[in-house]
2 protein chains.
Amino acid sequence: MTDLNAPLARGGKPAEAKHGAGSPAGKGASVSETKLHEFAELLFFAYRDFTRDPDTILSDFGFGRAHHRVLHFVNRHAGLRVADLLGILNITKQSLGRVLKQLIDQGYIIQQAGASDRRERLLFATERGQELAERLAAPQLVRLSRALKAAGPGVETTLRQFLEAMINAEDRPQVSSIMSASSPQPGRGGTGEGS
Amino acid sequence: MTDLNAPLARGGKPAEAKHGAGSPAGKGASVSETKLHEFAELLFFAYRDFTRDPDTILSDFGFGRAHHRVLHFVNRHAGLRVADLLGILNITKQSLGRVLKQLIDQGYIIQQAGASDRRERLLFATERGQELAERLAAPQLVRLSRALKAAGPGVETTLRQFLEAMINAEDRPQVSSIMSASSPQPGRGGTGEGS
DNA sequence: GGGATTATGTCAGCCATGTTGACTTAATCT
DNA sequence: AGATTAAGTCAACATGGCTGACATAATCCC
């Protein structure tokens, strides 16, 4: 990176004092606008670096961040339908189709017709897919784990509340639903193509 | 969105019990791997929605998220050099050049040669640029403010520590430096070519 | 003074990943 | 049987990353 440390943007901080009235979220002991801007920037930097390690690994496989997202959710929430994934990623069917097709063609994900509704294609990570997903997740989990530790005990509840509140209210039920469901096996409970 | 609520990924949660040993960040009272995955997902969803409102506004102006990032940092940290911006955004000169040029040509940002080193181009948001930047920031600040409130008092310190720890260690000094510098005015402090 | 380095800008082209619109197929619902 | 739904696909386009090469001006250093 460049020398941002030294001089940079010469000039003092304008010492903004606004606090109660006129603040973004209305009444209550709200945070100053300057601090809110700082949190916005920290969130940007945190997310920028959160995605960096997996991005590096992905390029070795000829994949991009889009593949990571798909593989992650399929791996962690096996049996997801295509429509579920569209809702989670908030992209179009065509965008998803492109990366999903590559993941399937290259043996990272398999599909299986739904038992109750055979139009549905339930998605599962293959063993190969699980391996890649775990490899991509590893540095992110380390980063998260360290950051949680750095923030001290009791972060968990607080952070979870914060992050959940950052999600659009109308999407929160879906998100909770996704996060509480996990990983049944592909193939029927007695039949199909192993892990 | 689609019906993620209902059935979805039929099957129970595999009740993973790993805790101390072998966990991502080494020793200490670390968080279970499942919880870490949940935080990773929450971060994804939070960031997804954090960028949504400004994205909508931007499309009315024919701009994209890249323009927002540039305008934001220039507005909040007036006098930034091009090289600083490259380090912050972590993109190439050519990528930045493309969006920066549009913002300059359309009167949202102005440049000014550095006083001490006239090769440098210090960047400043024009009044028009400030207005757009504020308009884009507004929904994000509201969202943040509400989320902070939802997480309860005392979040600020904790969250700040968490987010800072999420940033690559080697970039933290730069980030702190950026965040502590703010907004001198363009035009002379005694020397150069006014706005 | 003059050559090397630095900060910035720019041209040309490539790739990943988002978008819209239209259409097909198969399965399910009414 | 007809309408609807889940999924897949084709074509075309926009944004915003990337590399490589090169130009200009200012500064640094011998």
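To find a chain, count down the sequence lines: A is the first, B the second, and so on, and within it residues start at 1. What you see is a predicted model, and the numbers here were worked out from it, not measured in a lab.
- For B:Arg48 and A:Asn168, the side-chain atoms include no donor-acceptor pair closer than 3.5 Å.
- In this structure B:Arg118 satisfies the side chain to side chain donor-acceptor pair (under 3.5 Å) test with no other residue, sequence neighbours excluded.
- Residues that satisfy the ring pair (Phe, Tyr, Trp, His ring centres under 6.0 Å) test with B:Phe39, not counting sequence neighbours, are absent from this structure.
- Going from atom CD of B:Gln112 over to atom C1' of C:dT8 covers 16 Å, rounded to whole Å.
- Protein atom CG of A:Leu86 is 16 Å distant from nucleotide atom P of C:dT17, rounded to whole Å.
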Using a cut-off of under 3.5 Å, enumerate the N/O to N/O pairs linking the protein to nucleotides 25-30 of chain D.
residue	atom	partner	partner atom	Å
D:dA26	OP1	B:Arg118	NH2	3.4
D:dT27	OP1	B:Arg118	N	3.1

Show me the side-chain donor-acceptor pairs of residues 154-166 of chain B shorter than 3.5 Å, one per line, residues at least two apart or across chains.
residue	atom	partner	partner atom	Å
B:Thr158	OG1	B:Gly154	O	3.4
B:Arg160	NH1	A:Glu38	OE1	3.3
B:Arg160	NH2	A:Glu38	OE1	2.9

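- Across the protein-nucleic acid pair, B:Phe63 atom CZ and D:dA14 atom C1' stand 15 Å apart, rounded to whole Å.
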Tell me which donor-acceptor pairs under 3.5 Å the side chains of residues 54-70 of chain B have, and how far apart each pair is, sequence neighbours excluded?
residue	atom	partner	partner atom	Å
B:Asp55	OD1	B:Arg65	NE	3.4
B:Asp55	OD2	B:Arg65	NE	3.2
B:Asp55	OD2	B:Arg65	NH2	2.7
B:Thr56	OG1	B:Arg52	O	3.1
B:Ser59	OG	B:Thr56	O	2.8
B:Arg65	NH2	B:Thr51	OG1	3.4
B:His67	ND1	B:Gly64	N	2.8
B:His67	NE2	B:Gln102	OE1	2.8

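- Contacts between residues 91-108 of chain A and DNA chain D, defined by a heavy-atom separation under 4.0 Å, are made by A:Lys93, A:Gln94, A:Lys101.
- Residue pairs satisfying the salt bridge (charged side-chain N to carboxylate O under 4.0 Å, His left out) criterion with at least one member in residues 103-112 of chain A, sequence neighbours excluded, are listed as follows: A:Lys101-A:Asp105.
- Taking a 4.0 Å limit (strictly below) on heavy-atom distances, residues 66-73 of chain B does not reach DNA chain C anywhere.
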Quick one: side chains of residues 121-129 of chain B, donor-acceptor pairs under 3.5 Å with protein atoms, not counting sequence neighbours, listed by atom name and distance.
residue	atom	partner	partner atom	Å
B:Thr126	OG1	B:Gly107	O	2.6
B:Thr126	OG1	B:Tyr108	O	3.3
B:Thr126	OG1	B:Arg128	N	3.4
B:Thr126	OG1	B:Gly129	N	3.0
B:Arg128	NH1	B:Gln106	O	2.6

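- Taking the side chain to side chain contact (heavy atoms under 4.5 Å, CB included) definition, one finds that B:Arg119 meets it with B:Asp117, sequence neighbours left out.
- The rotation axes computed at either terminus of the helix from C:dG1-D:dC30 to C:dT30-D:dA1 lie 30° apart, taking five pairs at each end and rounding to 10 degrees.
- A:Ser95 is linked by a side chain to side chain contact (heavy atoms under 4.5 Å, CB included) to A:Ile91, A:Thr92, A:Arg98, counting only residues two or more places apart in sequence or in another chain.
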